[in-house]
Amino acid sequence: MSEILVLVEHVDGEVKKVTLELLTLARTLGEASAVWAGPGYSEAAKAKLAEYGADKVYVADSDEIVNYVVAPKAELLAKLVGDKSPAAVLVAATTEGKEVAGRLAVKTDSGVITDAVGLGEGFVADQSIFGGGVNVRSRVTKGTPIVAVRPNSTAPVAAAGAGAEEKVEVAPSDAARAAKIVERVKEEKGARPELTEAAIVVSGGRGVGSAENFAIIEKLADSIGAAVGASRAATDAKWYPHQFQVGQTGKTVSPQLYIAAGISGAIQHRAGMQTSKTIIVINKDPEAPIFEIADFGVVGDLFQVVPQLTEEIEKRK
Amino acid sequence: MNIVVCVKQVPDTATERKLRSDDKTLDRDAVDGVVNELDEYAVEEALRLKEAHGGEVTVLTMGPAKATETIRKALAMGADKAVHLSDDALHGSDALSTSYAMAQALKKIGFDLVILGSESTDARTGVLAAMLAERLGTPQLTLARKVEVNGSAIAIERITDYGFDKVEATLPAVVSVVEKINEPRYPSFKGIMAAKKKPVETLGIADASVDGSAVGLAAAYSEVAEFAAAPPRAAGTVVKDEGDGGVKAADFLASKKFI
Ligand SMILES: Cc1cc2nc3c(=O)[nH]c(=O)nc-3n(C[C@H](O)[C@H](O)[C@H](O)COP(=O)(O)OP(=O)(O)OC[C@H]3O[C@@H](n4cnc5c(N)ncnc54)[C@H](O)[C@@H]3O)c2cc1C
């Protein structure tokens, strides 16, 4: 079986869940090889990758790779594609992951599929397009298939791989150093699971009314270990930071459970959450379009319903 | 400063969008075309940069003849002129061949700055700006929520998962913008009238030195194997809160084993 490269997503040296999902997928289609780009690599990280089936771990852990926008990662992967002739390359379908995939596709003259929600034999990818209205199966027909897979597309399953480490020496070319990251600004990040990876997401919209009121959304989220999301109306009003925006121009989420409170369900919002497995809606307007996609809906005032729901969840724990 | 804004005509997101059964491409005839919403922010940013630094704003669109409506809208907002890359050979181009054709057109037009919206509302791949930067060998300044130009220096704030990165580069560069960056202006009546007289140059593939065998559906790097309308979500249960809405929601969660 031939090797499949998986670009590792990591933060503060921790491997993100989506990478374990990608390794799980890769294993079903070939031999999984993890590619670590940037600082933070450790024995613990390697052990984690091996635990989820990485037979090889390619490590390029210099700072240089992350000090410039996207291009150095694409160069690293292009080098590995050239040297190892993998059967496919998988990246996480985050905004940055897709950009890496795009540049890699140009460099290696290969096809790219973005936002896959499933991947099967022959690297046939499932996609959900037009705000969830149409399901498509597509495949790359030229070069090395490059597929950006959405977080939560599959459940991560452990299965030991050899985890053989191989250092890769790469220095980004001058062209790849053209856009220099001079500062990283971290805006509040709580202890909650990350939005795109969370199994449960609780989102608030304009109906929440103020930044202070988001506390009731956060309390509900914390009662069931969920991430907090927000509609654009809420992020534009600065009630909640922009990186928590769900929707077409925010994050795309695909959790097991999505709870929307005080959100009307505009097409741009739905585009970012429509593939959620189960959807619960709390909205005082029975005509709100979000009810059309609800598995369970409560027509009511979120200031009554949300705290009561939180209390019930706590009670039943 | 010579700014080129890439603008795409897309089907109105509010209408039902379909793939064609014959060649599995987006059925553009069946729906109203509108300017990709996110490109309006790109046009606005280009106009603001021109107002601050002088220069010229050129609109570049690739698409069928009816995409001229989209060009007019951008011109009505205040862009100076437009280039319409239009050729039957381009029909069905995927992201790779689109980026190739656009890069060729951009080389012909010449630019200090290329600005795009962060993605299109139809294909939503979000890769075009990165591909253009790769092909043109210029800095990739994508997902910008703020852009500042100072002589030949350019700095942006690039949104990230954790907040944002401050990124610096030198012109020429490719920028993509997110919707947080500005509030697009509405075309004024005067703008709409003036747009009718602004020059629109139509380029075929040969004019832009685009190799016809590298674009269009036949040259695509991927194919749609099959597609189907998503099965409608089974109708859910909706209850009216009678003081026990939270309890009922909790019951539902319990029935699905979430709690
Ligand atoms: C280019 C572009 C990109 C966009 N991208 C996004 C995106 O990424 N994400 C996104 O979300 N939107 C996006 N939008 C905006 C989108 O069109 C909507 O405007 C937005 O989603 C509305 O947010 P909302 O549902 O919170 O607000 P509203 O539409 O105002 O809905 C508020 C809802 O709250 C309900 N409500 C009010 N008070 C209560 C209460 N006390 N209890 C219960 N319910 C209550 C109301 O009945 C209403 O249904 C985009 C728009 C454009 C043009």
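Each chain gets a letter, A, B and so on, in the order the sequences are listed, and its residues count up from 1. Note that the structure is a prediction, hence the values are computed from the model and not measured.
Atom-to-atom distance recorded for B:Ser120:OG and B:Leu128:CG is 8.0 Å, nearest 0.5 angstrom. One distance of note links CG of B:Leu143 with CZ of B:Arg158; it measures 5.0 Å at 0.5 Å rounding. Note: B:Leu253 CG to A:Leu257 CG = 6.0 Å, rounded to the nearest 0.5 Å. Here OG of A:Ser138 is found 9.0 Å from CD of B:Glu223. Values are rounded to the nearest 0.5 Å. Note that OG1 of A:Thr275 is 12.0 Å distant from CG of A:Asp126, once rounded to the nearest 0.5 Å. Taking CE from B:Met131 and NZ from A:Lys107, the interatomic distance works out to 12.5 Å, rounded to the nearest 0.5 Å.
Using a 4.5 Å cut-off between heavy atoms, A:Ser223 makes no contact with chain B at all. Only the side chain of A:Ile200 comes within contact range of chain B, with heavy atoms under 4.5 Å apart. If you measure heavy-atom distances from A:Glu99 to chain B, the contacts under 4.5 Å come from both the backbone and the side chain. Of the two parts of B:Arg233, only the side chain, counted from C-beta on, holds a non-hydrogen atom closer than 4.5 Å to a non-hydrogen atom of chain A. Using a 4.5 Å cut-off between heavy atoms, A:Ile224 contacts chain B through its side chain alone, with no backbone atom that close. Heavy-atom distances place both the backbone and the side chain of A:Ala105 under 4.5 Å from chain B. For B:Asp251, the parts lying under 4.5 angstrom from a heavy atom of chain A are both the backbone and the side chain. For A:Val112, the parts lying under 4.5 angstrom from a heavy atom of chain B are both the backbone and the side chain. Heavy atoms closer than 4.5 Å to chain A are found in both the backbone and the side chain of B:Ala229. In this structure, no portion of A:Gln127 lies under 4.5 Å from any heavy atom of chain B. If you measure heavy-atom distances from B:Ala220 to chain A, the contacts under 4.5 Å come from the backbone alone. Contacts of B:Val224 with chain A are made by both backbone and side-chain atoms, with heavy-atom separations under 4.5 Å. Contacts between A:Ile280 and chain B at a heavy-atom distance below 4.5 Å involve the side chain alone, from C-beta outward. Residue contact with chain B, scored on non-hydrogen atoms closer than 4.5 Å, involves the side chain of A:Lys251 exclusively. At a 4.5 Å heavy-atom cutoff, the contact between A:Thr141 and chain B is made by backbone and side-chain atoms alike. In this structure, chain B has no heavy atom under 4.5 Å from any part of A:Ala74.
Among B:Asp161, B:Ile159, B:Val127, the residue with the largest count of heavy-atom pairs under 4.5 Å with chain A is B:Asp161. Among A:Val306, A:Ile279, A:Val281, A:Val100, the residue with the largest count of heavy-atom pairs under 4.5 Å with chain B is A:Ile279. Residue with the most contacts toward chain A among B:Arg135, B:Arg145, B:Lys24, B:Lys180: B:Lys180 (heavy-atom pairs, distance under 4.5 Å). Of the listed residues (B:Ala250, B:Gly236, B:Gly246, B:Ala225), the greatest number of heavy-atom pairs within a distance under 4.5 Å of chain A belongs to B:Gly246. Contact tally against chain B (heavy-atom pairs below 4.5 Å) for A:Arg232, A:Glu311, A:Gln274, A:Lys315: the top residue is A:Arg232. Of the listed residues B:Thr138, B:Thr142, B:Leu141, B:Ile156, the one with more heavy-atom pairs under 4.5 angstrom with chain A than any other is B:Thr142. Contact count versus chain B (heavy atoms, under 4.5 Å) is highest, among A:Thr95, A:Ile181, A:Asp115, for A:Ile181. Chain A forms the most heavy-atom pairs under 4.5 Å with one residue out of B:Pro11, B:Ala133, B:Ala155, B:Gly117, and that residue is B:Ala133. If you tally non-hydrogen atom pairs under 4.5 Å between each of B:Leu19, B:Ile154, B:Val178, B:Asp94 and chain A, the highest count goes to B:Leu19. Comparing A:Gln268, A:Lys317, A:Glu292 by how many heavy-atom pairs each has under 4.5 Å with chain B, the most go to A:Gln268. Each of A:Val140, A:Thr114, A:Val182 has some count of heavy-atom pairs under 4.5 Å with chain B, and the biggest count is that of A:Val182.
Judged by distance alone, with hydrogens and angles left aside, the side-chain atoms of B:Ser93 form a donor-acceptor pair with the main-chain N or O of B:Gly216 at under 3.5 Å. Under a 3.5 Å cut-off, the side chain of B:Lys240 and the backbone N or O of A:Val298 do not form any donor-acceptor pair. In this structure, the side chain of A:Gln308 engages the main chain of B:Val247 through a donor-acceptor pair within 3.5 Å. Of the possible polar contacts, one joining the A:Lys142 side chain to the B:Ala219 backbone as a donor-acceptor pair under 3.5 Å is found. B:Gln104 places a side-chain N or O within donor-acceptor distance of the main-chain N or O of B:Ser209, the cut-off being under 3.5 Å.
Between A:Arg316 and A:Glu312, at least one side-chain N (NZ, or NE/NH1/NH2) sits under 4.0 Å from a carboxylate O, which counts as a salt bridge.
Residue B:Asp22 qualifies as enclosed at atom CG: its count of foreign heavy atoms under 6.0 Å is above 12. Taking a 6.0 Å sphere around CD of A:Glu14, one finds it holds 12 or fewer heavy atoms contributed by other residues, nucleotides or ligands. The number of heavy-atom neighbours closer than 6.0 Å to CZ of A:Arg139, taken from other residues, nucleotides and ligands shown, is 12 or below. Within a 6.0 Å sphere centred on NZ of A:Lys219, other residues, nucleotides and ligands contribute 12 heavy atoms or fewer. Within a 6.0 Å radius of NZ in A:Lys238, other residues, nucleotides and ligands contribute 12 heavy atoms or fewer.
Interface with chain A: from residues 34-42 of chain B, residues B:Glu37, B:Leu38, B:Tyr41 qualify, criterion being any non-hydrogen pair under 4.5 Å. Residue-level contacts of residues 163-174 of chain B with chain A, in order of numbering, are B:Gly163, B:Phe164, B:Asp165, B:Lys166, B:Val167, B:Glu168, B:Ala169; threshold 4.5 Å between heavy atoms.
No hydrogens or angles considered: a donor-acceptor pair under 3.5 Å links the side chains of B:Glu179 and A:Gln245. Using modelled atom types and a 3.5 Å distance limit, the side chains of B:Asp23 and B:His91 yield a donor-acceptor pair. Of the N and O atoms on the side chains of B:Asn182 and B:Glu44, not one donor lies less than 3.5 Å from an acceptor on the other residue. Side chains of A:Glu96 and B:Thr160: a donor-acceptor N/O pair is absent below 3.5 angstrom, by distance only.
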Kindly determine whether B:Lys248 and B:Glu242 satisfy salt bridge (charged side-chain N to carboxylate O under 4.0 Å, His left out), including the steps that lead there.
CA-CA 10 Å; B:Lys248 286 195 171 138; B:Glu242 313 256 333; over 6 Å; no

Begin from the C-alpha positions of A:Asp295 and B:Lys256 and carry the test salt bridge (charged side-chain N to carboxylate O under 4.0 Å, His left out) through to its verdict.
CA-CA 11 Å; A:Asp295 295 289; B:Lys256 295 278 176 191; over 6 Å; no

